Amino acid sequence: MTSPSEPRAARRSSAASPLTTPPSDAAVPVVDASAVRDMEDVGEVLGNACFGCGPDVPHGLRIRRTGHDGSTAYAEFTVQPEHQGAPGLAHGGILASAMDEILGTSAWLLGGRYVTGRLETDYLAPVPVGSVVHLTARCTGVDGRKAYIEGEARLGGPDGPIAVRAASIFIKVPLEHFTKER
Ligand SMILES: CCCCCCCCCCCCCCCC(=O)SCCNC(=O)CCNC(=O)[C@H](O)C(C)(C)COP(=O)(O)OP(=O)(O)OC[C@H]1O[C@@H](n2cnc3c(N)ncnc32)[C@H](O)[C@@H]1OP(=O)(O)O
């Protein structure tokens, strides 16, 4: 339940705009078994250099994936001093990066390789340095190469208050997207 004293965006149930709302004939997401298997060796599949989830990246977010239920992915991270923007608070771009990571994890579960095409964020509450942030994302529909994914970041626990909501479109790309010379 929301109240009139909450931020206007908190009174909406989703961050999705018309651009990130799947069309009415979008397909229901189907999880790919091999993507789930790859999750167990994600360091080997992707390397450990990811700003979002690389465990040894010095100034990275070091997001820890904690599981999934269908295309709904779960993760958490702790906001470090190097993630600060305003004094004592997480930088908004850092929080958008964290949302990108969990939204991308939900896309990963569909199989193939996806990249972020569009990312929309609503910031509902400041996030103090030292907070444990709980991330969730789910696919709301698939239309051709486009996967529509929404998520949120909660403070302090999986049922804690929502600090950030995000809605996105991830686009399926061939492997050459990552390997071709530019
Ligand atoms: C426990 C679990 C463990 C799991 C373990 C592994 C987990 C692993 C997680 C990794 C998590 C990383 C999460 C970070 C993910 C990044 O940060 S990815 C990096 C940021 N993104 C990029 O660099 C993308 C840059 N953009 C591009 O390369 C190109 O623009 C794209 C997106 C590939 C599209 O180009 P294209 O292939 O030529 O496709 P195009 O025909 O233009 O568009 C295809 C369709 O998408 C639509 N589209 C394209 N762009 C957009 C847009 N911006 N907005 C809306 N629609 C768009 C088009 O309209 C078109 O729609 P249809 O006509 O088919 O209806």
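Just follow the structure's listing: the first ligand is 1, and inside any ligand the first atom is 1. It should be emphasised that the depicted structure is a prediction, and the values quoted were computed from it without experimental measurement.
Those atoms of ligand 1 that come under 4.0 Å of a heavy atom in Gly117, given as number and element, are 52 (C), 53 (N). For ligand 1, the atoms lying closer than 4.0 Å to a non-hydrogen atom of Val173 are 33 (C). Listed by atom number, the atoms of ligand 1 under 4.0 Å from Arg118 heavy atoms are 54 (N).
In this structure, Thr20 and Tyr148 approach most closely via the heavy-atom pair O-CD2, 3.4 Å. For the residue pair Pro55 and Arg62, the shortest heavy atom distance occurs at O-CD, 3.3 Å. The shortest heavy-atom contact between Ile162 and Ala125 is O-CB, 4.3 Å.
Where the criterion is an N or O separation shorter than 3.5 Å, residue side chain and backbone included, Thr105 fails it with respect to ligand 1. Distances between N or O atoms of Arg65 and those of ligand 1 include no value under 3.5 Å. Taking distance alone, with nitrogen or oxygen atoms compared against 3.5 Å, Lys146 approaches ligand 1 more closely than that limit.
Nearest-heavy-atom check against atom 27 (C) of ligand 1 across His177, Glu101, Arg113 picks out His177.
For Glu76 and Arg64, the salt-bridge test passes: some basic side-chain N is under 4.0 Å from an acidic carboxylate O.
Residues Val57 and Cys50 fail the side-chain proximity criterion, which asks for heavy atoms closer than 4.5 Å. Within the 4.5 Å cutoff, the side chain of Leu61 has heavy atoms near those of the His83 side chain.
Of the heavy atoms in Asp100, both backbone and side-chain atoms come closer than 4.0 Å to ligand 1.
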